[in-house]
There are 2 protein chains.
Amino acid sequence: MKFEAVTIKDIAKALGLSTSTVSRALRDSYEISQETKKLVLDYAARINYHPNPIALSLKERRSRSIGVIVSEIANSFFSQTINGIESIAYNNGYNVIISQSRESADREMLNLQYLTSRSVDGLIVSVATETRDFSFFKELHDRGMPIVFFDRVVDVIQTHKVIVDNYKGAYDATLHLVQNGYRRIANMVNAAGLSISKERLAGYRAALEDSGLVVNENHIKYCQHGGMIVAEVEDALNELLAEGERPDAIIASADKLTTNCLRLLKAKGLKVPDDMGLIGFSNTDLTELLDPPLSVIKQPAFEMGEIATGLLLQLIESKRPVTDFETRVLGTELIIRGSSVDNR
Amino acid sequence: MKFEAVTIKDIAKALGLSTSTVSRALRDSYEISQETKKLVLDYAARINYHPNPIALSLKERRSRSIGVIVSEIANSFFSQTINGIESIAYNNGYNVIISQSRESADREMLNLQYLTSRSVDGLIVSVATETRDFSFFKELHDRGMPIVFFDRVVDVIQTHKVIVDNYKGAYDATLHLVQNGYRRIANMVNAAGLSISKERLAGYRAALEDSGLVVNENHIKYCQHGGMIVAEVEDALNELLAEGERPDAIIASADKLTTNCLRLLKAKGLKVPDDMGLIGFSNTDLTELLDPPLSVIKQPAFEMGEIATGLLLQLIESKRPVTDFETRVLGTELIIRGSSVDNR
DNA sequence: TTTTTTTACGCAATCGTTCCCGGTAACGAT
DNA sequence: ATCGTTACCGGGAACGATTGCGTAAAAAAA
């Protein structure tokens, strides 16, 4: 089964012209007479001609499309970011190709190869938890592929980046827990290698120290898959609950980590926020409807997508190689709800 | 800024061979000697050669990629379906290009044009609420583009379809409400034109009638945007609450409709399930954590994606035009939780 | 040794489009 | 009559890859 499209040759043949003339007429070149132009344009419209982007891509070595790699589109933060990306891209005549790494370095690499070989003009990436080796990104970037990182950025590559103030977000959230009487605050951290993990962990540490509390290293648990696998969260939680100095609150550094903590705590019969306070990074729009309503640190996801795309288009359309790159840092929003306010 | 890739010509030049020889060596043709093959293969591997899919697409008039159009990836049902689609597609060497209609007929059309002109080998589609005119789909399909519809199908086009038993899903859910003492059951329906809306509405009507209850037409409210816009849900809800015969339960026929009903009911201070029972179609994995835990009709989304992709690949790889199409109907899962059980 | 066959490779067309070169009218100026 | 413009238009190469066909050299058969 094949799908045949109308080509410039069909028009040329039907009108008794050369392909060059047709091409020029369609592109409104000055060297084509008004009559011929009209002839071609009318006929093209009538048979519903559309230039073949594949042929164009091959010729121009550009595709007017940008590739996006995120870990999971099912994640609210990423789907919101993608909406931001699309809004800017479409306004500038670019198409967006979305792909998921599902936190796997292999799939990330595969997607990367697919996208680049598909001649995307640039990439917007939030790296997978699993990825340790950024040499492929580096090589790609060195060979001239415009890349903008967001959320989970990689510091060994010099390019535009869009992030939030993760340090401050975690700091404020932790401080909020302290101010609400929690003293043994645990941290459920995403994969250790991630930029966001480090920054959020640092904010947490600083807030505890500034509050005169000591950081109990056993209260810091890493989840390699960012909470995507319930079992890893359960293991981490069980370890926390088995601790001599049992935590009275948790700050979770990823969306799925946050909701899965709540799920497991409820399953274990622990009351939130009384038995255990809970706050976490999340962009889900259902958090206010949860039982209890979840306190969250929210990222301006849509805006991040917009900004990342703007920066990328700037990179793509720049004539000369860009050498000075910027890192945009946006603010987070701390939304206090029931899960982090001990009302005993 | 341009990104230069290695081509077959580079290899040919470096090795003093013709491009045909290189091509054949890479494709392991019998007409090429072992030594030459090894030479080419080694060199290709060393300089990290990858065939240019754009050039291949142009030549072969196929791209080994399939296009997916859904209304919104932020919707759990669709993101789960996409995961199902990807799992089958990748196993068969196909790539997946995702695009969102965001319920707009225009954007759907734009995406459709983009995808087809990008030479996708086939399409998997759940149509937008807004779409009334399916002639473009029809024309595309008549001209040989393989299409599989899922969830929101269109009956004027004869092709493979993957749906759930929406009638039964709605019937069972409505009956469940009746059995739990609710008598004035309202229905929040998605856009009227949608296949799923009609089927679910029919199930609801039948269940009421079979229970000896009369259908109050004022209890049926349509939301053109499927609950994506909170205001439309609020308007519909306000109308329901202003009814002389005020409903005591709601069945919502879409994910966002369901959660936004809950959101608004809570905002209005109405207790669920006591003041108002609530049940709805939803695939969100957070429904059990809501307050109250939400009763839902759940669709086997991942499986639907898998099946749709299987059918599409079958269509794509068929030598002869396929004429007999099937409609796969899967079962829904009724999950009863607190929101639909009046415990007064 | 001559003829035939096999092996191994190159040439050129093709996919749809653009664009660099030309080329050829018509027309006014010399 | 010749030249220079101007206005239009066509030929053909290019983008990267595949592939049918042709053919030289080597091997096998005569």
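To find a chain, count down the sequence lines: A is the first, B the second, and so on, and within it residues start at 1.
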Scan [X] against the nucleic acid and name what it touches under 4.0 Å (heavy atoms): base, sugar-phosphate only, or nothing.
X       : answer
B/Leu17 : sugar-phosphate
B/Ser29 : nothing
A/Ser57 : nothing
A/Leu58 : base

Taking atom [atom2] of [N] as reference, at what distance in whole Å does atom [atom1] of [X] sit?
X       : N      : atom1 : atom2 : answer
B/Asp10 : D/dC15 : CG    : P     : 10 Å
A/Leu26 : C/dG16 : CG    : P     : 15 Å
A/Arg62 : C/dT18 : CZ    : P     : 14 Å
B/Glu35 : C/dT7  : CD    : C1'   : 11 Å
A/Asn52 : D/dC15 : CG    : P     : 18 Å
A/Leu56 : D/dA14 : CG    : C1'   : 14 Å
A/Ile32 : C/dT18 : CD1   : P     : 12 Å
B/Lys9  : D/dA14 : NZ    : P     : 7 Å

inquiry  = Between B/Val22 and A/Tyr30, which residue's closest nucleotide on DNA chain D lies nearer the 5′ terminus?
reply    =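 It is A/Tyr30 whose nearest nucleotide is closer to the 5' end.
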request  = List in chain and number order the residues that pass ring pair (Phe, Tyr, Trp, His ring centres under 6.0 Å) with B/Tyr90, two or more places apart in sequence or in another chain; answer none if no residue qualifies.
outcome  =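 With sequence neighbours excluded, B/Tyr90 shows a ring pair (Phe, Tyr, Trp, His ring centres under 6.0 Å) to no residue whatsoever.
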query = Looking at residues at least two apart in the chain, or sitting in another chain, which of them share a ring pair (Phe, Tyr, Trp, His ring centres under 6.0 Å) with A/Phe325?
reply =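 Ring pair (Phe, Tyr, Trp, His ring centres under 6.0 Å) list for A/Phe325, sorted by chain: A/His141, A/His160.
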query = Is any side-chain N or O of A/Ser33 closer than 4.0 Å to OP1 or OP2 of D/dC9?
reply =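 So the side-chain polar atoms of A/Ser33 do come within 4.0 Å of the phosphate oxygens OP1 or OP2 of D/dC9, strictly under.
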key: Under-4.0 Å salt bridge between B/Lys37 and B/Asp28   =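 So B/Lys37 pairs with B/Asp28 through a salt bridge.
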message = With nearest nucleotide decided by heavy atoms, which residue, B/Ala55 or B/Ser18, maps closer to the 5′ end of DNA chain C?
response =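 That would be B/Ser18.
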message = Going by side-chain contact (heavy atoms from CB on, under 4.5 Å), name the residues that satisfy it together with B/Lys9, two or more places apart in sequence or in a different chain.
response =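 With sequence neighbours excluded, B/Lys9 shows a side-chain contact (heavy atoms from CB on, under 4.5 Å) to B/Thr7, B/Thr19, given in chain and number order.
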task = Identify the two heavy atoms, one from B/Ala105 and one from B/Glu130, that lie closest to each other, and give their separation to 0.1 Å.
result =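 Shortest heavy-atom separation between B/Ala105 and B/Glu130 comes out as N-OE1, 3.2 Å.
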task = Mind checking salt bridge (charged side-chain N to carboxylate O under 4.0 Å, His left out) for A/Glu326 and listing every partner two or more places apart, or none if nothing turns up?
result =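 By the salt bridge (charged side-chain N to carboxylate O under 4.0 Å, His left out) rule, A/Glu326 matches A/Arg328.
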For nucleotides 19-22 of chain D, tabulate all protein N/O to nucleotide N/O atom pairs closer than 3.5 Å, reporting atom names and distance.
residue, atom, partner, partner atom, Å
D/dG20, O6, B/Arg24, NH1, 3.4
D/dG20, O6, B/Arg24, NH2, 2.8

Which donor-acceptor pairs under 3.5 Å do the side chains of residues 41-51 of chain A make with protein atoms, sequence neighbours left out?
residue, atom, partner, partner atom, Å
A/Asp42, OD2, A/Lys38, NZ, 2.8
A/Asn48, OD1, A/His50, NE2, 3.4

